[in-house]
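Please read all numbers here as calculations on a predicted model, not as lab measurements.
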Protein chains: 2
Amino acid sequence: MGPVKLDRIDIAILATLQRSGKMSNIALAATVGLSPSPCLTRVKRLEAAGYIAGYRAELAWAKLADHIIVFTEVTLADHKREDFVRFEAEIRRVEAVVECHVVSGGYDYLLKFVARNVAHYQEIIEAILDRNLGVEKYFSYVVIKTVTAKDGVPLRFLLP
Amino acid sequence: MGPVKLDRIDIAILATLQRSGKMSNIALAATVGLSPSPCLTRVKRLEAAGYIAGYRAELAWAKLADHIIVFTEVTLADHKREDFVRFEAEIRRVEAVVECHVVSGGYDYLLKFVARNVAHYQEIIEAILDRNLGVEKYFSYVVIKTVTAKDGVPLRFLLP
DNA sequence: GATGAAACTTTGTAAAC
DNA sequence: GTTTACAAAGTTTCATC
């Protein structure tokens, strides 16, 4: 997990693997303009340094199962440290919550839910409210259409 | 891309590959309780049917580059069909926008941005406003802390 | 579905340049 | 860093039960 300097080739490797994680080392080497041996060395180094968190298959959810996505703004009634800790600990255990962020201004948490349908979402929310986690109010935004959903983030855009 | 019936083993394969996309076929077969040959046949069938959208390396953004995430609510001034089409076409071209959803109630779009810092985000937003895409108002929520960010969605949770 | 054999590809390492 | 070589391992196909 030591610090590793990233040169242009390392960035190219990361960017390529982000798009095609199963590409063979030979194909990867050709893509980034390296011969296979040093390319593999770099990949192993990047993995060991912790820059690659893992490899995942991206599933086609739309084809696999009917589902809806809902973003929910949550405001807690009290704002003591223990209120936050308790809410977060419990929300982590809810399968339907795929993202939960603390945000600045307006409200406390922004959550992203996945559910089979609106009724299913309602069940989930009510189960959360029943647990008395100190939710003062919440507002739900059901996703009607997703315009953009990038798999990764353009590396070159974020790196200086 | 034909229709494929998914049995318990198919679901297990998809769930496993979602977690470890680079697992070898031999290891995968052992995990789902199959011998390698039929296991590979199933994987190929699932890929051909379009249930697996691709394989990706998940990068460790926190280690790679300083960055912030911002959720932005956008309301358009006019709601004619062409207003939506124009806004969506342009927003797709903004690198910093990693997600863009049409949502029900409150406002029109919920966007998820990635930027190097708040000043960078401000630049990006101003560039969007300068293009006169019909944005009447917007509100930004900077992510202070991410409590949960699941890589995939539990398959069994969504499937009936 | 399982098994096992055979051909092929890729990986991972090590040599020499 | 490149190229070549090579052994180990994994993939893929095929025939058989």
Under 3.5 Å, sequence neighbours excluded: what are the donor-acceptor pairs made by side chains of residues 129-142 of chain A?
residue	atom	partner	partner atom	Å
A:R131	NH1	A:E90	OE1	2.4
A:S140	OG	A:Y121	OH	2.7

I'd like a table of donor-acceptor pairs (distance under 3.5 Å, sequence neighbours excluded) in which one partner is a side-chain atom from residues 74-84 of chain B, with atom names and distances.
residue	atom	partner	partner atom	Å
B:H79	NE2	B:D108	OD1	3.2
B:H79	NE2	B:D108	OD2	2.8
B:D83	OD2	B:K80	N	2.9

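Taking the side-chain hydrogen bond (donor to acceptor under 3.5 Å, both in side chains) definition, one finds that A:H101 meets it with A:E99, B:T146, sequence neighbours left out. Residues passing the side-chain hydrogen bond (donor to acceptor under 3.5 Å, both in side chains) test with A:R116, sequence neighbours excluded: none. Not counting sequence neighbours, the partners of A:E126 by the side-chain hydrogen bond (donor to acceptor under 3.5 Å, both in side chains) test are A:Q122. Contacts of A:K150 classified as side-chain hydrogen bond (donor to acceptor under 3.5 Å, both in side chains), with partners at least two apart in sequence or in another chain: none. Evaluation of the salt bridge (Lys or Arg N to Asp or Glu O under 4.0 Å) rule for B:E88 yields A:K145 as partners, not counting sequence neighbours.
Of all nucleotides in DNA chain C having an atom under 4.0 Å from a heavy atom of chain B, the first and last in 5' to 3' order are C:dG1 to C:dG4.
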I'd like a list of close polar pairs between nucleotides 8-12 of chain D and the protein, N/O only, cut-off under 3.5 Å.
residue	atom	partner	partner atom	Å
D:dT11	OP1	B:N25	N	2.9
D:dT11	OP2	B:N25	N	3.2

